[in-house]
Number of protein chains: 2
Amino acid sequence: MVSDPIPTIKEIAKRLNVSVSTVSRALSDHPRISEKTKEAVKELAKALHYEPNSKAIFFKQKKSYVIGVIVPLIYEDFFSKGISGIESVAMNNGYTILFGQSYDSLEKERVVVDAMKSQRVDGLIISLSKETSRNDHLKALDTYNIPVVYFDRVPSLPDVNKVYSNLFEGTVSMIEWLFKQGRKRIAFINGPSALIASKERLDGYIEGVSRRKLKVDMQMVEQTDFSEEGTHKAIARLLSLKKPPDAIISFNDYVHMDAVKFAVKQQVKINEEILFASYANISVNKHTAYPPVVSVDQFPYKQGEEAMKMMMELLRHKQEGTNAAPGFYNKEMRALLVFN
Amino acid sequence: MVSDPIPTIKEIAKRLNVSVSTVSRALSDHPRISEKTKEAVKELAKALHYEPNSKAIFFKQKKSYVIGVIVPLIYEDFFSKGISGIESVAMNNGYTILFGQSYDSLEKERVVVDAMKSQRVDGLIISLSKETSRNDHLKALDTYNIPVVYFDRVPSLPDVNKVYSNLFEGTVSMIEWLFKQGRKRIAFINGPSALIASKERLDGYIEGVSRRKLKVDMQMVEQTDFSEEGTHKAIARLLSLKKPPDAIISFNDYVHMDAVKFAVKQQVKINEEILFASYANISVNKHTAYPPVVSVDQFPYKQGEEAMKMMMELLRHKQEGTNAAPGFYNKEMRALLVFN
DNA sequence: TTGTAAGCGTTATCAC
DNA sequence: GTGATAACGCTTACAA
């Protein structure tokens, strides 16, 4: 395995009998270097598989060309699509992604954030863990001049850079649609109340129902911790109401799958007696036994792209010293209804 | 945003009126530093949110504590689970993951590999793009002393480090099981023949069928390019055979979903007339309209963990100079049947 | 017990 | 056109 020395600018200089500065300039196409020298240098560099050492460059330029990305769980469809979008834009701009998972734990999130600090990422894109309500560990990144872009699971603070989708509006229009189908008793299986995502959905739900001048009945609102049992309990109670719902909105497509599974066992005629709606629009919906009639798509890939674009923008400002107003970067994406 | 200077060992030294080496030693609990000094240093370090600059450490230790990971497409269930396993072991060992996608293109793969070189990762774990048949761009990593562990999509070369699952055996035992159910005309919708994964499955198919002393009928073997149309064409031909199959094995669960979708339209009684089997055992199978009766699980999370463990082992050897024999690291995982 | 200084790979600033 | 040299943050002999 150990063979030739690792090719450096020094090595090239030695072999070509020129100085390191000449090599450095030749490689970056400095105007005052002769074509002949440039050619010779570039040729040898190629032959030796020379690749500049970004660690060394960091010292000079204070840039690592690495962006940290932290999500709760990579193998959730939403986040893996999001990261894919992030990575794609990053690569096109010469950046690489340093990646970590919080496993939805604040403690792990802290550890990963520290690792990112230690690696001196140029910026951090993060989707908060469900346990994270404070952001002092992220504030600490200011010390290192590392800008943060929040993604999807954003903190409810002013003056932070964030990309997220408007679940409030999405929910309102979903309810509008359900009403148009003649549904009047719309139930809702929400997620843990600690999640902002839950609050947004609930607000949208209340707004949507209110707009139709119907009384908001909190009997129709349940909660799940995302476990199959949690969801079963929730829908069980809804189905046992004196006046059971004629439509059920689930927190997302996964919750929806658990919910219909239970409903089917209870002989409910899915999407007839009760219309099922949900969020995410995951691609397997097409193949699922009982897909939701409508699902609110948040376009995670697109959101990821936007987050990275925002980061690029922030870094440009940093470079040029033209500090954009904090909180200026606040991109609200439209969530759209997708029908099955 | 710009506030105090970024805390360095130098800064701490200046404020405490000691030398940088004292600070360095204090932080790493050097035995010959007085408790008092250690305490003072650590306290100030904490107050300043000091985090060592891993880029600087790289120069001395020649270690970046970063492992590169390249997969074709992160949002495929298999790969996102794999990366999750990789990341988890990495974090437990103080390593971070630098991540890139090849989008199944050799050209993009090259770009990402160069980025990894430039970032001087300590090692690279890669699942090859489907276009990659040569590995000269990865051989070039030898120059940088960067060990490579291949993951799942491994090259058919001796003397490389790899983790993969034995799809041959998995296929044989799947066919054994189908025979035990009384099925005699087992068809197979394979993937593109360029993929090693396709060859392994086919070899297993032929072996499995042969063991039962049945003639191998290549009429029963079809191919798909993974598009819905490709799969539909494949199953259409199989169903139109004079003697149609009584069991169909699909390349993976996604192909399976497209296949049954078509079969249902043709009034086929799924998993009665024809038993459907497949590979991957993705978690939505539980919620799908017509899950495969059996799916060969490759346990990507576990495989990811193993790949990272192998990498840690390699790095240890490198450190200690005890070069393990090339090709010594060749971990074949068992793929297991999972029934629905 | 602590300080001094060299060195890692690269770029930028002078010099010639 | 090209070369010498300092600087970036950190570790580690070697001194004291």
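Each chain gets a letter, A, B and so on, in the order its sequence line appears, and its residues count up from 1. Just so we're clear, the structure is a prediction, and the values are computed from it rather than from any experiment.
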Is the closest side-chain donor-acceptor distance between [X] and [Y] under 3.5 Å?
X      : Y      : result
A:S105 : A:E131 : no
A:S21  : A:S24  : no
A:S64  : A:Q119 : no

Distance in angstrom units between [X] [atom1] and [N] [atom2], rounded:
X      : N      : atom1 : atom2 : value
B:K117 : C:dG9  : NZ    : C1'   : 17 Å
B:H30  : C:dT2  : NE2   : P     : 11 Å
B:L27  : D:dG9  : CG    : P     : 15 Å
B:Y144 : C:dG9  : OH    : P     : 11 Å
B:K63  : D:dT12 : NZ    : C1'   : 17 Å
B:E11  : D:dC10 : CD    : P     : 11 Å
A:Y65  : C:dT10 : OH    : P     : 15 Å
A:R120 : D:dG9  : CZ    : C1'   : 9 Å

Does the side chain of A:T22 get closer than 4.0 angstrom to OP1 or OP2 of D:dG3 through an N or O atom?
->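 Indeed, a polar side-chain atom of A:T22 lies that close.
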Does a nitrogen or oxygen in the side chain of B:K10 sit under 4.0 Å from OP1 or OP2 of D:dC8?
->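 B:K10 to D:dC8 OP1/OP2: side-chain N or O found under 4.0 Å.
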Report yes if some heavy atom in the side chain of B:T143 is under 4.5 Å from a heavy atom in the side chain of A:E51; otherwise report no.
->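 No, side chains not in contact.
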How many angstroms lie between OG1 in B:T96 and CD1 in B:I67, if you round to the nearest 0.5 Å?
->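 Here the interatomic distance stands at 9.5 Å.
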Do A:E313 and A:R316 meet the salt-bridge criterion of a basic N to acidic O distance under 4.0 Å?
->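 Yes, A:R316 and A:E313 are salt-bridged.
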Under 4.0 Å protein heavy-atom contacts per nucleotide of nucleotides 11-16 of chain C, with B for base, S for backbone only and - for none = BBB---
Of B:F58 and B:S19, whose closest DNA chain C nucleotide lies nearer the 5' terminus?
->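 Nearer the 5' end of the strand: B:S19.
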Residue mapping more 5' on DNA chain C - nearest nucleotide basis, B:N17 or B:K62 =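 Nearer the 5' end of the strand: B:N17.
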Step by step, would you call A:Y50 with B:K117 a side-chain contact (heavy atoms from CB on, under 4.5 Å)?
-> CA-CA 9 Å; A:Y50 170 78; B:K117 267 198 298 198; over 6 Å; no
